[in-house]
Amino acid sequence: MKILVPVKQVAVLDEDFELRDDGLDADPDFIDHESNEWDDYSYEAALQIMEAHGGVEVVPMTVGPEDAEESLRRCLAKGGERAIRVWDDALTGAGPATVAKLIAAVARREGADMVFAGTLSADHSYAMTGICVAAELGWPHVAVVTALEYQPGAATATVHRELEAGLVEKMTVECPAVLTIQLGINQPRYASLRGVKQAKEKPVDELSPADLGVSGEELAASASFRLRRMFKPARGQAELIEGTAAEQAARLASIIKELRGAA
Amino acid sequence: MMLVDALARVVAGAVQRADPFLAAAAYAAADEEGRGRLEPVLLASYRLKRQFAEAPFTPPAVLRRLAGEPDRRIRLKVARHPAAPPEVLRQLAREVACVEILEAVARHRNAPAEVLAGLPWREHPGVRDALCWNPRAPVALLRALIGTAPLPAQKGIASNPNADAALLARLWESPDPYLRAQVAAHPGCPPAIMDAAERSPEATVRRMLAGNPAASLQALLRLLGDEAAEVRAAAVQGASVSAEELSDLAVDPSSQVRRTEARRAALPAAVVERLSRDPDAWVRRWLGRNRCATEPVLARLATDRELEVRRAVSRNPGCTPALLNRLAMDPDAWVRAGVALRPDIPSEALARLSAEEDPDIASAIGRNPNTAREVLLRIAASGNSDLRRAVILNRAAPRQVLLTLLEDPYPLNRVVLAEHPALGEEDLETLTADPDPHVRFAALRALIRRGRPEPAAATGELTSTDNPGREP
């Protein structure tokens, strides 16, 4: 039984960032990278199933350049024996539908039984990739999963979803399925130092779209939108409270009273 | 000598491994030649320069180097860095072509007075306004600024410790109540203005006057009878008001006033007694922490129905061992944790609480200097990273316990561990090979702090042990 966990190395912008000359993205000089927080939870969910049951393999994968391997090593430091990285320079700037096509191709190649993805990525927040993977595979899916009961090999999984006003929706989904996991479903572990060292030796298979049988034409056809422009919008309604300490306190108190309907 | 060797090995490793975080930590201890070798690692990319120019842990020596970067964006970040040294700000103040840098220098608390006085504020309103708020701006500069400063900047001058009586008198003429309130709160406020402030129809002005440490005793006593509760509460805090003079306020209708009184030192026994029976739990809570609470009062508050009141008693330095033993059996873990935090915890209570698994109690026991080694070892093996950190924060924890935490899975714990005095130099050297860059930085910084070798000595060792062939 195999659980495929797609993870992503996300961009974190410096507060004084500048845009690229083409206006389509931030200048790379102002971007740091880190693992996507949602993926910590999806990977933990998979590891917990692996540890609770025999015969379960968890395989982290990513679609990203060489730098993105760090996210895979971070996963492998917590558990799992191997990882998969898919890349081709032509994939730079690829949208979620394109990435999903490659993740689905890996799932087929690996014979994955389940796919656990993060609900969204912290940088682009499309919240589409997992759902697109399900569409590519023709599998059922449940998004924003906050609790999971699943026995490896079972025909169904029971999941919870949080709705408005704290309402919880409990549902059954047929397996194999794609689940997108929400923050808070578990408490992700930190990798032990031994795990970090061991992860350096674990294999990361590097595949190209061609290795997965996905042609450039197919990838181009999967582009579901075109990025036209990225820009900093005009300032919103936020108020910078200025003045003396007493003046700031008075203004803050009046805002709180206003919000509570007392003024 | 061993320390110097260790430093040299680590620094050589920083260069060999092209580790910018080790390079940043080593930079301060290196001489000119050593720094020259570290710089290609430290400043290898724009991204690294940006990260170090804004990181709160960046050593001043690195900021000094970054202040000379040709990229204006990096220099601006250095000018905004809270740890930017005075000489760096002096250098950056010469950047007359970049208003943003000048504004950052004008706002910076480390900028020397003469540098602030020399900034071109007449040409740049942003520089002028920032100077008004800078507590290091000299009075002569403030006098010059006030002529053109708009109202928001005038408030900065009114709160500036260097503002003199003449400036404050001028600002008092403003119709803005907050500006006048700030003048009334200034320790240099002239007596005539204080008198006028006392009669102000604005409660904010009277309240700020009541909080002024220079307010006269007579004024404070009159303000104790003010119609506004916030004014009376501020007057209660006045150091010159004796506890006896506050007796009547123990029955003040405002809980805000009684809460403030319950925090005062040296309260008369009758006031303590009355406040201890106050219906407001916050009054009893403050009194529970007050050193002047008598033993019988503490004993009664230790049975209060409000958990936070009992917790306050457990933290009161005047608590007797007998009372602490009793609180160690409180039904609520938060109260028992208060006892567990105390360095003077009785042995009976310590033994009882050491066996508890509640996280608040275990955390407090982990930090307690009296805790037995076996107990610390058990807490250090906890799956809860906060509990393990409690042991790391325990300055009395022995090295044998700390060694089990050198491989703590939580990187922040290892960063904190690097500062522990019981770790040996060899332990710190181990941490300089940690996978987390912040741990490596903290470990090398700690090694350097311990040795504080002369720069030439440190770099001399570096030169002799480094492998030039592997330089990046």
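In what follows, chains carry the letters A, B, and so on, assigned in the order in which the sequence lines appear, proteins first and then strands, with residues in each chain numbered from 1.
Residue Lys49(B): no heavy atom, backbone or side chain, is found under 4.5 Å from chain A. Within the 4.5 angstrom heavy-atom criterion, no atom of Ser159(B) approaches chain A. Neither the backbone nor the side chain of Pro152(B) comes within contact range of chain A; no heavy atom of the residue lies under 4.5 Å from a heavy atom of that chain. For a residue to count as touching a neighbouring chain, one of its non-hydrogen atoms must lie under 4.5 Å from one of that chain's; by this rule Asp408(B) touches chain A with the backbone only. Heavy-atom distances place the side chain of Glu18(A), and not its backbone, under 4.5 Å from chain B. Using a 4.5 Å cut-off between heavy atoms, Ala246(A) touches chain B through backbone and side chain atoms alike. In this structure, chain A has no heavy atom under 4.5 Å from any part of Leu151(B). Contacts of Gln182(B) with chain A are made by side-chain atoms alone, with heavy-atom separations under 4.5 Å and no backbone atom involved. When heavy atoms are compared at a cutoff of 4.5 Å, Glu247(A) approaches chain B by way of both its backbone and its side chain. For Lys200(A), no part sits under 4.5 Å from any heavy atom of chain B, backbone or side chain.
With rounding to the nearest 0.5 angstrom, the CE atom of Met61(A) is 6.0 Å from the CG atom of Leu4(A).
With ring centers used as reference points, Tyr41(A) lies 6.0 Å or more from Phe116(A).
Counting heavy-atom pairs closer than 4.5 Å to chain B, the top residue among Ala77(A), Gly243(A), Ser192(A) is Gly243(A).
At least one side-chain heavy atom of Leu406(B) sits less than 4.5 Å from a side-chain heavy atom of Leu417(B).
Comment: Asp16(A) engages Arg80(B) in a salt bridge, judged by a side-chain N to carboxylate O separation of less than 4.0 angstrom. Electrostatic pairing of Arg50(B) and Asp14(A) counts as a salt bridge here, judged by a charged N lying under 4.0 Å from a carboxylate O. Ion pairing between Arg251(A) and Glu239(A) holds under the 4.0 Å rule for side-chain N and carboxylate O.
If you check the side chains of Trp87(A) and Glu206(A), you find no donor sitting under 3.5 Å from an acceptor.
The aromatic rings of Phe21(B) and Phe57(B) lie tilted to each other, with the angle between the two planes from 30° to 60°.
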